[in-house]
Amino acid sequence: MSDLFLVLILIVALCYRGYREREFLRQLSLIQKVQMASGLVFATLLCFAIVYYGGNKGAQLVDNGFLRFLIRLTALLVGFYLASYLISKVFKRLPKPE
């Protein structure tokens with residue numbers, strides 16, 4: 001159940017990032033929007049893999065509940081950081097809209 005909650009937080013964070021950049025997104029062409037969407041999907045899948053597999057596999061190695069929580073939290077923060085970094089790189093690589 002907590003894994004689904006973490007994935008939901010990821011989706012909300014990515015949607016918020018897109019909402020913050022909505023004016024920029026309106027000016028993009030169709031090809032640029034496809035590039036942006038593929039970058040977002042890749043960042044989401046990468047973050048999901050880090051949170052789900054990294055958090056679960058790392059937490060299974062520890063019996064202590066607090067350390068298990070710290071491992072999952074660390075996987076979540078690393079996933080969020082990488083997703084945010086990839087999304088900002090995708091935004092910067094797109095040509096300026098005309």
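All figures in this text were calculated on a predicted structure; none of them were measured in a lab. We use all heavy atoms of the structure for the numbers below, so side chains are in, but hydrogens, waters and symmetry mates are not.
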N64 atom CG, neighbour heavy-atom count above 12 within 6.0 Å: yes

Partners meeting salt bridge (charged side-chain N to carboxylate O under 4.0 Å, His left out) with R26 (sequence neighbours left out): E23

Single-linkage hydrophobic cluster V78~I87, side-chain heavy atoms < 4.5 angstrom: no

Run the side-chain donor-acceptor check on residues 35-51: report pairs under 3.5 Å with partners two or more places apart or on a different chain.
| unit_1 | atom_1 | unit_2 | atom_2 | d |
| --- | --- | --- | --- | --- |
| S38 | OG | V34 | O | 3.3 |
| S38 | OG | Q35 | O | 2.9 |
| T44 | OG1 | L40 | O | 2.7 |

Transitive ILVMFWY cluster of Y16, excluding itself - 4.5 Å side-chain cut-off: none

Whether over 12 other heavy atoms sit under 6.0 Å from I31 CD1: no

Joint cluster assignment, Y85 & L76, ILVMFWY side-chain distance < 4.5 Å: no

Charged tip of R72 within 45° of F69 ring normal and under 6.0 Å: no

S29 backbone acceptor or donor facing Q32 side chain under 3.5 Å: yes

Donor-acceptor contact present, side-chain S84 to main-chain F80, <3.5 Å: no

Separation between CZ of R22 and CZ of R17, rounded to the nearest 0.5 Å: 14.0 Å

